[in-house]
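I have placed the structure first, in the form of structure tokens, so that the comments after it can refer back to it.
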Amino acid sequence: MRIDDLDTPAVVIDLDRMEANLARAQQYANAHRLALRPHIKTHKIPSLAQRQIALGAHGITCQKLGEAEVMAEAGLEDILISFNLLGAAKGERLRALARRCTLSVVADSGAVAEGLSALFAAAGRRLPVLVECDTGAHRCGVAEPQAAAALAETIARLPGLSFAGLMTYPAHGGVAATAAWLDEAVACCARRGLEPEVVSTGGTPDLYRAHEVAVATEHRPGTYIYADRSLLARGYCGLEDCALSVLATVVSRPAPDRCILDAGSKALSSDLLGLDGHGLIVEHPEWTIHALSEEHGHVRIPAGAAGPEVGERVRIIPNHACVVSNLFDLVHGARAGRIEMAYAVAARGRMQ
Ligand SMILES: Cc1ncc(COP(=O)(O)O)c(C=O)c1O
């Protein structure tokens, strides 16, 4: 089948670009002796996680217990869940997952650590827990290096847990601050007789600066596999690196200065990520997808620009690739205009 024969809207992955993105990151990690632990939130596809491992990644990262279950079921062996896990409802699933793969998790408070301890105290094996650190992104994470070391000590003392290290999802552009923060946290741990075996940083925008965080042992990039318009806008990559696009059709041309695509928020999501418009139309970068309804992409066409005929097809580089993956059951892998494979997005929609 050719790309031209696909029904729309559809997600197409340029396999050559994807492979180049994966290889470049792995080579960089190898050159700097950093373990790579890709975040599968971007693709949610077990065979792509296996491809990342085959290229040299040490393990994978998942955000959700349900995503991790899908990956373990497919044979992925080393999984970090980088999200505070709370609540008895997850208990048996978490214990079962820890029996079938090398599992580690994070905590940023005594409450989370105590909940995990209650689940694992009688499990017969210790659950490795990393302390999540807020090195500047102000999402989850303990706020001070001293507090990270104090929580590390609590984790080391709690039954059923072991202290595995430090984890951060840094602010973009915050490499120097992250390096200083983690240096201090490692020193604070040392004063308490604790040595973090793993110091894990993450994110794609600063992926190629990960080695500047001297104490880091691993990095968790996610979006690097596909890239997207937000990375393009930040100057991380070129258009030729963007591997994921949403194929759409012009379904209406109500006026000379606008047209409607069959890709709305259900295909592109509403994530703007600070950008103007909801995606880059590769064939017509001068058009703006200025608004989305569920099924309609509202496009503004500048005066004087050649407008499309109804039925014309376009490729859209979405603002945020990860959320697009969560919206489609299938994505299509293509080379030189031909569809080579369809991937089931097996971990999509795993909210819990
Ligand atoms: C904890 C964590 N690690 C790694 C990543 C991957 O970041 P990126 O998609 O910028 O590569 C994310 C993304 O949200 C994350 O939340």
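Order of listing sets the numbers, starting from 1, for every ligand and every atom in it.
- Few gaps surround CG on Asp5; more than 12 heavy atoms of other groups in view lie less than 6.0 Å from it.
- Looking only at atom types and distance, the side chain of Glu340 has no donor-acceptor partner in the side chain of His332 under 3.5 Å away.
- Taking the six-membered ring where tryptophan is involved, the planes of Tyr169 and His172 are perpendicular, since the angle between them exceeds 60° and thus also 30°.
- Relative ring orientation between His32 and His211 is described as parallel, the plane-to-plane angle staying below 30° on a 0-90° scale split at 30° and 60°.
- Around ligand 1, the residues contributing at least one heavy atom under 4.0 Å from the ligand are His39, Lys41, Gln63, Ser82, Arg139, Tyr169, Gly203, Thr204, Pro205, Arg220, Pro221, Gly222, Thr223.
- The pair Arg93-Glu69 counts as a salt bridge, with a side-chain nitrogen and a carboxylate oxygen less than 4.0 angstrom apart.
- Of the options Arg350, Lys44, Arg348, a salt bridge (charged side-chain N to carboxylate O under 4.0 Å, His left out) to Glu67 is made by Lys44 and by none of the others.
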